[in-house]
Number of protein chains: 2
Amino acid sequence: MTVRAVTIADVAAAARVSRATVSRVMNGVPTVNGEIADRVRTVVGELGYSPSDTARSLSLGQSKTVGVLVPDLSNPTFQQILQGFNSAAAADGYRILVTDSHEEVDDEAALVLDARNRTDAVLLCSPRMSEEQLAELLPTVKPAIVITREAHFQTEASVSADFIFGIRTLAEHLIALGHTRIAYLDGPAIRNSQTTLDTLFREVEMAHPGVTIRRVPCGSSLSDGYYAWDTLKDTTVTGVLAFNDLLALGLLGRLNEDRVPVPGRVSIAGFDDIHFARFASPPLTTMKLPKPSIGEAAWVALRAELKGEAHVAPAIFRPELMSRQTTGPRQ
Amino acid sequence: MTVRAVTIADVAAAARVSRATVSRVMNGVPTVNGEIADRVRTVVGELGYSPSDTARSLSLGQSKTVGVLVPDLSNPTFQQILQGFNSAAAADGYRILVTDSHEEVDDEAALVLDARNRTDAVLLCSPRMSEEQLAELLPTVKPAIVITREAHFQTEASVSADFIFGIRTLAEHLIALGHTRIAYLDGPAIRNSQTTLDTLFREVEMAHPGVTIRRVPCGSSLSDGYYAWDTLKDTTVTGVLAFNDLLALGLLGRLNEDRVPVPGRVSIAGFDDIHFARFASPPLTTMKLPKPSIGEAAWVALRAELKGEAHVAPAIFRPELMSRQTTGPRQ
DNA sequence: CTGTTAGCGCATTCAC
DNA sequence: GTGAATGCGCTAACAG
């Protein structure tokens, strides 16, 4: 914008028609005289006119745009979810506006509000805020839906990945390979997923006497994984589960650097199956998430809300084990 | 938006004041009676009012937002440039709206136009469109600036990376290691950078008799690099330069998979120095680009244009050689 | 089939 | 210090 160079009025004047007619031509309304339409189009071309989306949005009462909040756009996982979401939305004529919170929990609410003020709805992708904050925010920004890594937020999360199932699968995988001392690299401290995970680990330990799974605070980035070795190396841990692939890959890079054999000395498993996982050396064992499908499901849910339809049933996606080379028998 | 739940009028009515007063309170205009202001704020809280950015934009004549076009958001390089740009812009109270062209050259112009119609200016990050298209588009969307990988588009590119210098450096690096048969994995076919690169390679060949550098059409993604080996493996090439790190990393992944020693059988060099480069195995030799600085410089240039100041001098960034382990003596 | 009128939600002159 | 009126650029009835 910035004091629009050429407006609909300019075009109307130059084409000697009313603004309404210009509007009709621009929107492809068929009931316009061919000659007039041509004349308008010509002028549009000459003046380089292009309608202000802001004005259209205000007038139409909708922007045909939905906002998306992600905690970290540099994480390939979110990019892929976003792609699935984006193409699905695009197919319905919607565009997206993405905002990255950079893992700053305290900024999330404001960012969502902000995004919502210029769009018709919002998608909260793995919000890091507490469940309470979320519950408070949601009603003020709806239509809104949230994608979560845990399936137990049934009230809010329309789309979720069965993280617990995935971690259990990975744990069993390591245990089957003979590992008994396992570490879990924790993701961003969020919500009350804490207890859920603890419960899982206790269950697994119960089922497999002799096995211990220890949680280690970590983070969500490559470097978080890289530095995790500092606290891990002096332990007897032989198997490591990571909150996500970034963590696992960062750790793997560190181990390669320190010439620690993988999976000889320690087995590593990630979560998400980002592209790089396959290209790592050795290729990373991880749980594959159908990221584009998750994005699509999110759009389907959001579109339903947009249309005011009945709530669609929450979609829960099960990850799939990609057993590659970073995990092997305990030695 | 979507038929705004609560508007400024609602707040005004509930607080028994005029809309103008509500507006003043919302914008922190000091000349408002304390009690009234408090009353308004209370109502705002109760009603959960939050001003429509769309309406504000239209009224103010500016959105305090700038659009950014990138060819591939999943490429970490662009993310980092974006981050630099974003934080610089944020410091000046501007927000950004990103659009990803997914390397679809033909969509770029429309996307830029689209973005520009809801923002005050646009940044074209490594546009893939032809120089002619760019020249035609630019005037219609200004204020606009472009970031380029080549320094020779002096007329348009406000910020650029000295790609030619970087590739030359890498070529010399390989040659110094004894490589004489070198392949260059080409990026997206764009503009007329073709001849520039050819010129460079001829120069290098002249300066080093016996050396040949062959261009191989490739692409810009991990998988493009992965499949490049299919055409490379039957050649006598011992050194490979890649358009970017993604290509190099994809190729490296393939070579690890096929158990082809790197750099024993073939040396590889990338370009950009994305995070993953360091974590690859072996760590990737590449040219480091000051990506955040590039982003910041872009904002400085764009801000100047926004203010209608004189054109700032084009900024050209020189990449720096990061000699790591994917390049070694010819064997 | 085209022009006139009104209004989307907000900020901002201008009087009061 | 506050309210009433006007306009940002566009679309959508409504007439004609």
Side-chain angles (χ1 to χ4, degrees), chain A residues 1-41 43-44 47-65 93 113-114 116-120, chain B residues 1-41 43-44 47-65 93 113-114 116-120:
Chain A
M1 16 183 37
T2 43
V3 188
R4 217 105 239 293
V6 29
T7 77
I8 197 171
D10 300 325
V11 177
R16 301 186 312 280
V17 296
S18 72
R19 295 174 308 170
T21 297
V22 177
S23 174
R24 291 189 186 102
V25 174
M26 293 306 290
N27 293 296
V29 177
T31 71
V32 181
N33 180 305
E35 288 186 19
I36 297 199
D38 283 339
R39 199 166 70 211
V40 170
R41 279 190 218 97
V43 173
V44 166
L47 269 47
Y49 169 69
S50 131
S52 157
D53 266 310
T54 307
R56 295 196 79 226
S57 296
L58 189 59
S59 180
L60 290 171
Q62 61 171 10
S63 59
K64 284 282 188 179
T65 303
L113 231 34
D114 207 81
R116 182 63 180 80
N117 278 336
R118 12 180 80 228
T119 61
D120 301 341
Chain B
M1 21 183 34
T2 42
V3 190
R4 216 106 239 293
V6 30
T7 76
I8 197 172
D10 300 325
V11 178
R16 301 185 313 282
V17 296
S18 72
R19 296 175 309 172
T21 297
V22 176
S23 174
R24 292 190 185 100
V25 174
M26 293 305 290
N27 293 294
V29 177
T31 71
V32 181
N33 180 305
E35 288 185 19
I36 298 199
D38 283 339
R39 198 167 71 211
V40 170
R41 280 192 216 96
V43 174
V44 166
L47 268 48
Y49 169 70
S50 127
S52 157
D53 266 310
T54 307
R56 295 196 81 229
S57 295
L58 190 59
S59 181
L60 291 170
Q62 62 171 11
S63 60
K64 283 281 187 179
T65 303
L113 230 34
D114 207 82
R116 182 63 180 81
N117 278 336
R118 13 179 80 228
T119 60
D120 301 340

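When reading the values below, keep in mind they use all heavy atoms of this one structure, side chains included, and skip hydrogens, waters and symmetry mates. Here is how names work: the chains are called A, B, and so on, in the same order as the sequence lines, proteins then strands, and each is numbered from 1.
Residues B:Ser18 and B:Ala12 approach most closely at C-CB, 3.8 Å, considering heavy atoms. In plain terms, the two heavy atoms of A:Ala55 and B:Leu58 that are nearest each other are CB-CD1, 3.9 Å.
For the segment residues 30-38 of chain B, residues with any heavy atom less than 4.0 angstrom from an atom of DNA chain D are, sorted by number, B:Thr31, B:Val32, B:Asn33, B:Ile36. Proximity of residues 14-24 of chain B to DNA chain C (heavy atom under 4.0 angstrom from any strand atom) is restricted to B:Arg19, B:Ala20, B:Ser23, B:Arg24.
Inter-residue side-chain proximity for A:Ser50 and B:Arg116 is flagged as unmet; no heavy-atom pair is nearer than 4.5 Å. Using a 4.5 Å heavy-atom threshold, the side chains of A:Arg118 and B:Ser57 count as touching. B:Arg24 places none of its side-chain heavy atoms less than 4.5 Å from the side chain of B:Val40. Contact annotation: the side chain of A:Ile8 approaches that of A:Ser23 to within less than 4.5 Å [non-hydrogen atoms, C-beta and beyond].
Comparing the end axes of the helix from C:dC1-D:dG16 to C:dC16-D:dG1, each fitted to five base pairs by superposing C1' atoms of four pairs onto the next four, gives an inter-axis angle of 40° (nearest 10 degrees).
Remark: side-chain polar atoms of B:Asp120 are not paired, donor with acceptor, to backbone N or O of B:Gln62 under 3.5 angstrom.
The CE-P distance, from B:Met26 to C:dT12, rounds to 14 Å in whole Å. The distance between atom CD of B:Gln62 and atom P of C:dA11, rounded to the nearest whole Å, is 12 Å. Taking atom CG of A:Leu58 as the reference point, atom C1' of D:dC8 lies 9 Å away to the nearest angstrom. Atom CG in A:Asn27 sits about 13 Å away from atom C1' in D:dG9, given to the nearest Å. One interatomic measurement links the two molecules: CZ of B:Arg39 to C1' of D:dG1, which rounds to 13 Å at whole-angstrom precision. Whole-Å rounding puts the A:Ile8 CD1 to D:dA12 C1' distance at 12 Å.
Looking at residues two or more places apart in sequence or on another chain, you find a side chain to side chain contact (heavy atoms under 4.5 Å, CB included) between A:Arg56 and A:Asn27, A:Pro51, A:Asp53, A:Leu60. Every side chain to side chain contact (heavy atoms under 4.5 Å, CB included) that B:Asn33 has, sequence neighbours left out, goes to B:Glu35, B:Ile36. When the side chain to side chain contact (heavy atoms under 4.5 Å, CB included) test is applied to B:Arg16, the partners found at least two apart in sequence or on another chain are B:Arg39.
In this structure, the nucleotide among C:dA11, C:dC8, D:dT11 sitting nearest to the side chain of B:Leu60 is C:dA11.
Looking at B:Val17, B:Thr21, B:Val44, B:Val25 one by one, the single match for side-chain contact (heavy atoms from CB on, under 4.5 Å) with B:Val11 turns out to be B:Val44.
Taking side-chain N and O atoms only, B:Arg56 has a distance below 4.0 Å to OP1 or OP2 of C:dA11.
Contact annotation: side chain of B:Ser59 to base of D:dG7, donor-acceptor pair present below 3.5 Å.
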